[in-house]
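All figures in this text were calculated on a predicted structure; none of them were measured in a lab. Below, read A as the first sequence line, B as the second, and so on, with proteins coming before strands; counting in each chain starts at 1.
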Amino acid sequence: MSEQPLRRRASVKAAEVLKSSDNDDMDRDSSDSSDDFDAPKSSSAKKATKASHSKAEVSDSDDDVPLSARKQSKPTAANGNVPQNKRAANGSSRNSAANDDNGNDSETSDAPVTKKSKTAAEKKVDDENENGDNESDEDDDDVPLSKKKANGDVKAKKTPVGKKDTAAKRKLKVEESAVTPAKKRKTPAIKKSGTPVKNEKKGEDDDNDENADEEEEEEDQFAWWKDGALDTSEKWKTMEHQGPVFPPAYVPHGIKMKYNGAPIELEPDSEEVATFFAGIIGTDYEQNKTFCANFFRDFLTVLKKQKKTCPIKEFAKCDFTPIYQHLQEQKELRKAMTKEQKQKIKEEKLALEEKYGWALFDGRKEKVGNFRIEPPGLFRGRGDHPKTGTLKLRVMPEQVTINIGKEAKVPEPPAGHKWGSVVHDNTVAWLATWKENVNDNIKYVLMAATSSLKGQSDLKKFEKARELKKHIAKIRRDYTDGLKDKVMATRQLSTALYFIDRLALRAGNEKGEDEADTVGCCSLRFEHVTLEPPNKVIFDFLGKDSIRYYNEVAVDEQVFKNIKIFKREPKKEGDMLFDRLNTAILNKDLTKYMTGLSAKVFRTFNASYTFQKELNSTPADGTMQEKILAYNRANRQVAILCNHQRTVSKAHTAQMGKIQDKVRGYKYERSLIKKALLEVDPKLKKKRPELLEDESDVDDDFVQRYLTGLEEKEKDRVAKALEKENEKRKAEGKAPLKELEKKKSVPTPLESLSVEKLEKKLEDMGKRIETTKLQIIDKDENKTTALGTSKINYIDPRISIAWCKKYDVDLEKIFNRSLREKFHWASHLDDDWEF
DNA sequence: ATTATCGACTCAGAAAAATTTTG
DNA sequence: GCAAAATTTTTCTGAGTCGATAA
């Protein structure tokens, strides 16, 4: 199906990229845990523990019942094999770089102890059967664990209980009040930075006129980040917009598809659907059985509604190629349009954006995002989506709900139509909404990323992640404790949290049968995780968007043991790994540490934290190129951590070869310069012995190829020039030439240049080689890694902006215009800003 | 009281379009 | 200086997360 284009990561290669510090982190961590928690393991202690819990064992028997008894194991067939064509995640053993926090916390060892002693007694410890009859080492753990666990649990629960109660009661209001203090704390920092930076900005503008234009309007812009009011429960007082734009009505082309070899006349509605299919010919979807089956089912339904009955019965007898060809022709025509025609289209598009692309929020003009209603087509699910190919119907105004200010004029629906309804809800961010027919999903027209609405929630998101920094040490202590807990549910929760924290896994909600089978942390199944003694866990599953996550990780001893337990008989393929855990439980537990804390916050935190840490390796005295390479490297580390991938372009290998040859060509040129240099000044032989060295990577074979290549290119060039000249002559009515008289200017022989000039040339060539080499490295490392997603969504932009200041790099070098606009709110900050 | 569903929004890669580089 | 190729940016919309609400 849906063959994802072949893409794959060599984990071997990835390993090279890994920081050696990873291991250190791990080691440190595990030793931490032993320091903190490991009590002497004596068999008597074991027994004692067991005994004392035997009661609990009974009462807790239901602990054995998986949360999702309802959800029996999924059909294994679907699960077992990861399609070969899915790409592998990078990295054989990457750890989240955030582990450092553990180390920093000098109190790691102290804190737990005190807490422990307090609470241990009160906590009931539940024993599970599993624990009992388990591996021999299991028992050892119990002793210290129970103690520990007890404390952890109690303290954990106690503190938050108060909070929780509030939370339970709470409606928006409570949440707000809870959030506000945090906000306030932050506000000064933001505010402080806001004003002073502005001055600086002006200074910059002086140097750089072009930017001045771009950011000049700043003064008029709504500087919401200055008031520090991040209350987003009420999003506006007044709001107006022009409504969404509907796709143009279908214009029949009259091209006949064939059925059983015979041309078939289709009525417009069916022709449109047939044309949708013709549009995917040549893609992987064409070979995808599910896609074709779903399409054909819906195609038949549409055909049935025709006035004239249609003979089409079997997909195999359909031939859409005439329509496909027509589409290709249209494409050609579009390509061949004159400049004027293209210009006209562009202007029309611009005019549309001018009208519909903006909304007024409290009088401020802000950019709307997707103001176009999605056009009909064939649903293109990703991965093995059961509904892929299903006909996505045209959305009618009657299905659309408009959200707009009470006083504002309601936009006119298309002629002859009415809006489904009109509401005035200022607690939501959407301007319009409708329900899509394929998956019954709700779609929204929302503001663009540059809008203050989005900016505010972005800032909020990153501030939340920063707040996690304050709690992370405790959270880590707690889940490390929890790894050995007697209660299976706690143990699972702790193990899951360990993965989410270390590996930046997604939470992993459960999915329905009518969706692609993908998983996240909580929804991992038996077959997604394998163990390799002594301490390696191998993850191999399809995550969001059916992107393969493959990772071999060395984990704490206890984690390894736990997975072994979680996978123990009678569990088998298709069964949930964490059968007593789901995202609701996990997130609910997390809120005890911090309001608003949920699994995804760890990803943001981890990404930004890692990024900032990685940026420290920027060479302060390096060239601009080197600095930017360091930036991109850091970015890449984050992308790898988050498993952000992209398909390798078909041309990649060829492109790599080309650019490598380019370097070799340069090297050859350099060798010529060296030779000339030595000829001109033979004394250099002694002074500069390196001039005698051969260039690596440049063999006779290559030189031959290179020279021939140059020759051919020259021939080509001359031939083209001639052709052009002749055309010109023809136009002027002159006879064509056989040959251009002007010979290429003969380059000055190197030997005739001065030593200085040669030295200069040598240096230039060296630089060129270095830059190109860096490009190669960059390109190869980027082959399967998509940097954009993390840059846009996970990395706090203030880290980048602070970095630019510190290393004197123009922001334009790392943020394109959209990014600069999107992160405008972050551009004013103190010099010493840290994530 | 759970659990299932819904609603709203963030985040995701592919594809299309625009821009820059190259030869 | 131009066309083609390569690269970057933008658009598009599907796929998650997560809290609220209904059953």
Audit row: A:R705, A:D661, salt bridge (Lys or Arg N to Asp or Glu O under 4.0 Å) steps and yes/no: CA-CA 10 Å; A:R705 199 150 48 89; A:D661 273 1; 3.1 Å; yes

What do you reckon, are the aromatic ring centroids of A:H241 and A:F371 less than 6.0 Å apart? no

Taking the ring centre of each residue, are A:Y285 and A:F295 less than 6.0 Å apart? no

Could you tell me whether [X] contacts a base, only the sugar-phosphate backbone, or nothing, with contacts defined as non-hydrogen atoms closer than 4.0 Å?
{"X": "A:A599", "result": "sugar-phosphate"}
{"X": "A:R334", "result": "nothing"}
{"X": "A:G508", "result": "sugar-phosphate"}

Give me the distances for all protein-to-nucleotides 11-14 of chain C N/O pairs that come in under 3.5 Å?
residue: C:dG14; atom: OP1; partner: A:K392; partner atom: NZ; Å: 3.0
residue: C:dG14; atom: OP2; partner: A:K443; partner atom: NZ; Å: 2.5

Go through B:dC11, C:dG16, B:dA14 for me and flag the one nearest to the A:T518 side chain. C:dG16

With respect to the side chain of A:L446, which nucleotide from B:dC9, B:dG13, B:dA14 is positioned closest? B:dC9

Please report, rounded to the nearest Å, how far the P atom of C:dT17 is from the CD1 atom of A:I585. 15 Å

Just checking, is any N or O donor in the side chain of A:Y794 or A:R603 under 3.5 Å from an acceptor N or O on the other one? yes

Will you find, in the side chains of A:T433 and A:T401, an N or O donor that is under 3.5 Å from an N or O acceptor? no

